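Because the structure is predicted, anything quoted here is derived from the model rather than measured.
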Amino acid sequence: MTGVLYLIPNALGDGDASALATVLPASVLARAASLHYYVGENAKTTRAFLKKVGTERPIQEIEIRELNVNTPARDIDALLAPILAGTDAGLVSEAGCPAVADPGALLVRRAHERGVKVVPLVGPSSILLALMASGLNGQRFAFHGYLPVDPAERAKKLRELEQHSRKANETQIFIETPYRNRALLDALVAGCAPSTLVAVAVDLTLETETIASRPVSAWKKHAGTLDLHKRPAIFLMLAN
C-alpha cells in the first residue's frame, strides 16, 4: 500500500511559530508535525519551517529531499520512491501553496501517474488572496508568472495582456522579482489605458500588508507613494 502525498502550505513571509499559526489551521500544523519524509525546494528552509511547526520526532530524524528548478525530471521517481514504499510525505514550498507557481507540481503529477493519493491542505495563496482583495474580476482570471525583463519586451507583453483582458473581461495576474517591482508598476502606469484597473498587493498576511486597487489614471498620481522596494508583491490588471 502506498503512502499519501500531503501538500503542506507555508507562510508567505518570515515569522515565528505563532505567526505560522495565524495562517495555517491547527489540523494542518498537526499533520505537518506528524510526517517523517519531506520534499522541499531547499533543505535548510524546510528544516526552519519544521522547527516552527514542532515535529513529533527530532528534525534530524526526518528525511528531507530537494525539488527545485534545477532538479532533473529523471530524479522525480526517486523522490516518489519512499511514498510508493508506504511512507506518508509532505511537499512544502518556500512560501504559500506548493505546486502553484512552484516546481513541486512535477512531483504531484508523477504521484497521480503512479496511483498515489494526493491531499491538498488549507493555507495561504498570495495569488488568490491578491485577487480576493483587488475588486477585479474573480470569475475569469489568468496567472502569467514573470513578465519579460527587457523593457521593450515587457511593454509589448503588457499591451497584449491588456488587449486580451479587455476582450475577454479577464483579470491578468503576474509577479516580479522584488527589486524590479517599481519598474513593473511604472510600466503598467505608462503603457496601459487610463481606465484600466491595476491592483498591487504587497506583504500579504504580514503586519506590513498593503493592498491598493485603482485605475491607471489614479495610479499616475499615487504610484510613487507605494513602497515596493524588495517587498513580495502581486500585480493584477483588468481592462475595461
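Remark: M237 CE to E162 CD distance equals 5.5 Å, nearest 0.5 Å. To the nearest 0.5 Å, atom OG1 of residue T71 and atom CG of residue N68 are 4.0 Å apart. Here CZ of R231 is found 10.0 Å from CD of E209. Values are rounded to the nearest 0.5 Å.
A donor-acceptor distance shorter than 3.5 angstrom exists from the side chain of R65 to the backbone of A78, with no hydrogens or angles considered. Remark: side-chain polar atoms of R31 are not paired, donor with acceptor, to backbone N or O of Y6 under 3.5 angstrom. Judged purely by atom type and a 3.5 angstrom limit, N10 uses its side chain to pair as donor or acceptor with the backbone of E94. The closest donor-acceptor contact from the side chain of T87 to the backbone of I83 lies at 3.5 Å or more, if one exists at all.
The heavy-atom pair separating A32 from Y38 by the smallest distance is O-OH, 2.8 Å. Nearest heavy atom pair, residue N240 against residue S195, reads ND2-O, 2.6 Å. Of all heavy-atom pairs spanning G3 and V116, the tightest one is O-CG1, 3.6 Å. A pairwise comparison of heavy atoms in I8 and P98 identifies O-CD, 3.5 Å as the closest pair. Between R180 and V149 the shortest heavy-atom distance is NH2-CG2, 3.4 Å. The two residues A133 and I211 come nearest to each other via the heavy atoms CB-CD1, 3.6 Å.
Using a 4.0 Å cut-off between charged nitrogen and carboxylate oxygen, E153 and K157 do not count as a salt-bridge pair. With respect to E113 and R110, a salt bridge is recorded, a charged nitrogen being found less than 4.0 Å from a carboxylate O.
Annotation: side chain of D102 is in contact with side chain of E41 (closest heavy-atom distance under 4.5 Å). You'll find the side chain of L67 stays beyond 4.5 Å of the side chain of D75, heavy atoms only. Within the 4.5 Å cutoff, side-chain heavy atoms of L158 are placed close to those of F174. Looking only at side-chain heavy atoms (C-beta outward), F235 and N181 come within less than 4.5 Å of each other. With a 4.5 Å cut-off on side-chain heavy atoms, L129 and L12 count as touching. In this structure, the side chains of I127 and F141 stay at 4.5 Å or more apart for every pair of heavy atoms. At least one side-chain heavy atom of Y37 sits under 4.5 Å from a side-chain heavy atom of L79. Side-chain contact between P124 and L24 is present, with heavy atoms from C-beta onward closer than 4.5 Å.
For D14, the CG atom is loosely surrounded, since the number of other residues' heavy atoms within 6.0 Å does not exceed 12. Counted within 6.0 Å of CD on E61, heavy atoms from surrounding residues, nucleotides or ligands total more than 12; the atom is thus considered enclosed. Applying the 6.0 Å contact sphere to CD of E160 captures more than 12 heavy atoms from other residues, nucleotides or ligands. Residue K220 places its NZ atom among more than 12 non-hydrogen atoms of other residues, nucleotides or ligands, all under 6.0 Å distant.
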| query | Are S165 and Q172 close enough, and set up right, to give a side chain to side chain donor-acceptor pair (under 3.5 Å), and what steps lead you there? | reply | CA-CA 7 Å; S165 176; Q172 308 299 303; 4.6 Å; no
